[in-house]
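Have a look at the structure below before the remarks.
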2 protein chains.
Amino acid sequence: MSETAARRRATMAEVARAAGVSVMTVSYTYGQPERVSADTRVRVRDAAERLGYPGPHPGARSLRRGRTGALGVVLGEHLTYAFDDPQATRFLSGVAQVCADHGMALTLVPVTGGPADVDRVTEAAVDGFVVWTTADDDPVIDAIAATGLPAVIHGGPRRDGLSFVAVDDRAAARTVGHEVFAGARRPAVLSFPLDRDRISTVAFGAGAASEPDLDAPAVAGVDAAATGSPSGIDPDASTFRVTRQRLRGFRDAWSETGGEWSRVRVAVCSTNSAREAEALATELLTGPDSCDAIAAMSDELALGTLRAAARLGLAVPGDVTVSGWDDTDAASPAELTTVAQSLRDQGARCARTALGHPAPTGRDAEIAWHLISRASTHRR
Amino acid sequence: MSETAARRRATMAEVARAAGVSVMTVSYTYGQPERVSADTRVRVRDAAERLGYPGPHPGARSLRRGRTGALGVVLGEHLTYAFDDPQATRFLSGVAQVCADHGMALTLVPVTGGPADVDRVTEAAVDGFVVWTTADDDPVIDAIAATGLPAVIHGGPRRDGLSFVAVDDRAAARTVGHEVFAGARRPAVLSFPLDRDRISTVAFGAGAASEPDLDAPAVAGVDAAATGSPSGIDPDASTFRVTRQRLRGFRDAWSETGGEWSRVRVAVCSTNSAREAEALATELLTGPDSCDAIAAMSDELALGTLRAAARLGLAVPGDVTVSGWDDTDAASPAELTTVAQSLRDQGARCARTALGHPAPTGRDAEIAWHLISRASTHRR
DNA sequence: CTGTTAGCGCGTTCAG
DNA sequence: CTGAACGCGCTAACAG
């Protein structure tokens, strides 16, 4: 179609010469117009237009000023999750709102899960970072810390020197777990990935119960390959803090009703999509030991579960209870019990902190959540 | 929580001094490690670690090299549309994929619809622009052209010197219009906004028919306020090319079955959301002259229409036919007739062109689309 | 109100 | 394989 040849930009010096003024006068004309007389301002603008000068070079300006005007966002896994994962999308909507309010650009760092991610982070010209939940062993976290820029991690991992924003996932999972597992005999959890391998699998629970208030990272020495193995799902072995805490919370709930974790089936989805959840839920709901309660880690996964149940002719909550997470728009029409939290608000909060605003402290630092109890868990 | 104080970065010169080498040796150690002896490389890396040097300053590097490593994306209206509008999200997923493949960051420019948008564009440190559909009179387009950077506009407006990517919306609308309007007596269109005011309204068609192959911009002299007025909806007056072309196409279809445009009701949504569509569709489907065919400009709007019909106890397609646009995942289960096009592919294509790859020409330049005919339009 | 000085931190160029 | 000069394009801090 049309040519978009990148003709050389005119420089400020050229504009200054053409307008018969010094370079600083041109600079002021753009940066602090009120400091320049109306007369010369016009002369400068005219010269600029004549030369096709598009204004001060953004890179040069930011080098000089020491700030870029952009907030960096790192998605734990892959750049496209920004637009493919519904939870990430809601979160980023909040980040974007704050950026827009401050006139800051939002720069998505191109991570792909490979070793080059560290370089991409190091090379990002930004004034701060917001990190969407990633694994404890993600080297990107160290790279971000090394920049010395303000950074906020959402969901996990926690790291000294970097801010952290997340709800109390374990407490919330425990609460919704009590609701969805009440009266159940063959409970199941529909889980996010356990680690960066994102292996989809179905297995029973495993591992010893950890302390109720523990928020420790994944136990050292457990290699990723083991977590999804036939040996069973050990919550403590998951390297994603959100997954780990929610698994622990669901285990807490089931234990407190007298059940054993090793009797709980855990289906691990590789992505947060209803489609994949439907397939895994179908597996959980088929056969002689079909599950009668499914706690899902997102509404998307729960919706896939509801579709699977419907397709199998199973009644919800009669044959199987189901719970989700997030209270998305679809939860209410589906009569889905869920944990309400605003990812959008959390995104906004992360952005504000990463932009240098003081982070809330004390009680204000806690992120609100609450259980929304709907028909999908009311067995009778 | 934890402090994220921005301690001053160490510079390359400091690392050089600490390592007992010249600055250039440090630069090579990072940029072209193979040009440096293994011995000094270690010395340099050590000194860097000791000083907490995070690597070359991205801004300085890009100033020197003349490229930023980021692709700019401008959303016609507001930054958050990136994550709130389902169509924009699919498009950006394609853009993001290409960026990730090339190791380029994706910088979302913080537009808000205000006059400062032009400055935000001018100040963006990027190597090229992708523009998501905006109005013909959006000053941002001129600002982008002025940068001299490669730029691709998706959907519209067209502009000399900038690339353009879009399907033949008018032809597609005409085709799906014939399908959904077949046998109808009281047709309606559920439309995207007509102009930047994004006023939600319901009115009858107005204005003279334009030439079949016309792709002219909005007629001059029609001020925005007039387009949504009681005087009726004139396709030619819409300043959004996509809206304009689709309205023209629907008008073409209805005219070709012998109908008059002034008998077509047009409901204009302010956003691409099923929720708003449901409200407007309810209006269209209520009262003595309730519509019996509704052509929507997106699947989201069509889905809202289906919900409205269901709630009113109307049968689709028996009482009212409905068509959408895009063939999203929800279209097939809903048995929705729709126009299939891949916004994701188009996003990828825009990104590649904006990154400097040659744009396809000739037949390859055309974006594929096709009608998917499903039950929602098969009246008998 | 306008001009001068002095770099921001790095990488290209060309010697050695 | 390493080093010295120079400037990318702009602006903070001062004069005047």
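Reminder, nothing fancy here: chain letters follow the sequence lines and each chain counts from 1. Bear in mind the structure is a predicted one, so any value in this text is a computation, not a measurement.
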Please list, pair by pair, any protein nitrogen or oxygen found under 3.5 Å from a nitrogen or oxygen in nucleotides 4-8 of chain D.
residue, atom, partner, partner atom, Å
D/dG7, N2, B/R64, NH1, 3.1

Checklist entry - Which part of the nucleic acid, if any, lies within reach of A/Y30 when heavy atoms closer than 4.0 Å are counted: base, sugar-phosphate only, or nothing? => result nothing
Next on the checklist: Measure CZ/B/R17 against P/D/dT2 and give the value in whole Å, please.
Outcome noted: 19 Å
Checklist entry - When you check the phosphate oxygens OP1 and OP2 of C/dC10, does a side-chain N or O of B/S27 lie under 4.0 Å from one of them? => result no
Checklist entry - With sugar-phosphate meaning primed atoms plus P, OP1 and OP2, does B/V23 contact a base, only sugar-phosphate, or nothing at under 4.0 Å between heavy atoms? => result nothing
Item to check | Separation of atom NE2 in A/H57 from atom C1' in C/dC8, rounded to whole Å | outcome: 13 Å
Next on the checklist: With heavy-atom distances below 4.5 Å as the criterion, would you say the side chains of B/Y28 and B/V23 are in contact?
Outcome noted: no
Next on the checklist: Would you compute the distance between atom CG of A/L75 and atom CG of A/L92 and round it to the nearest 0.5 angstrom?
Outcome noted: 6.0 Å
Item to check | d(CD, B/Q32; P, D/dC1) in whole Å | outcome: 12 Å
Checklist entry - NA contact type, A/T40, heavy-atom cut-off 4.0 Å: base, sugar-phosphate, or nothing? => result sugar-phosphate
Checklist entry - Can you check the A/E34 CD to C/dC1 P distance for me, whole Å? => result 10 Å
Checklist entry - Choosing from C/dT2, D/dC10, C/dG9, which nucleotide comes nearest the side chain of A/S37? => result C/dT2
Item to check | Options D/dT11, D/dC1, D/dG3, nucleotide nearest the side-chain atoms of A/P56 | outcome: D/dT11
Item to check | Sugar-phosphate only, base, or nothing, as touched by A/R35 at under 4.0 Å among non-hydrogen atoms | outcome: base
Next on the checklist: Whole angstroms only, please: what is the CE-P distance between A/M12 and D/dG9?
Outcome noted: 12 Å
Checklist entry - Looking only at side-chain N and O atoms, does B/Y53 come under 4.0 Å of OP1 or OP2 in C/dC10? => result yes
Checklist entry - Do the side chains of B/R41 and B/E34 get nearer than 4.5 Å, heavy atoms only? => result no
Checklist entry - Can you tell which of A/I144, A/L79, A/T134, A/L108 makes a side chain to side chain contact (heavy atoms under 4.5 Å, CB included) with A/V74? => result A/I144
Item to check | Test: B/R45 cationic atom under 6.0 Å from B/Y30 six-membered ring centre, within 45° of axis | outcome: yes
Checklist entry - Do A/F91 and A/W132 make the cut of ring centroids closer than 6.0 angstrom? => result yes
Next on the checklist: I'd like to check A/V73 versus A/V109 (side-chain heavy atoms, cut-off strictly below 4.5 Å). Are they in contact?
Outcome noted: no
Checklist entry - Separation of B/R67 atom CZ from C/dG11 atom C1', in whole Å? => result 13 Å
Checklist entry - C/dT13 P sits how many Å from B/R65 CZ, rounded? => result 13 Å
Checklist entry - Does a nitrogen or oxygen in the side chain of A/R61 sit under 4.0 Å from OP1 or OP2 of D/dT11? => result yes
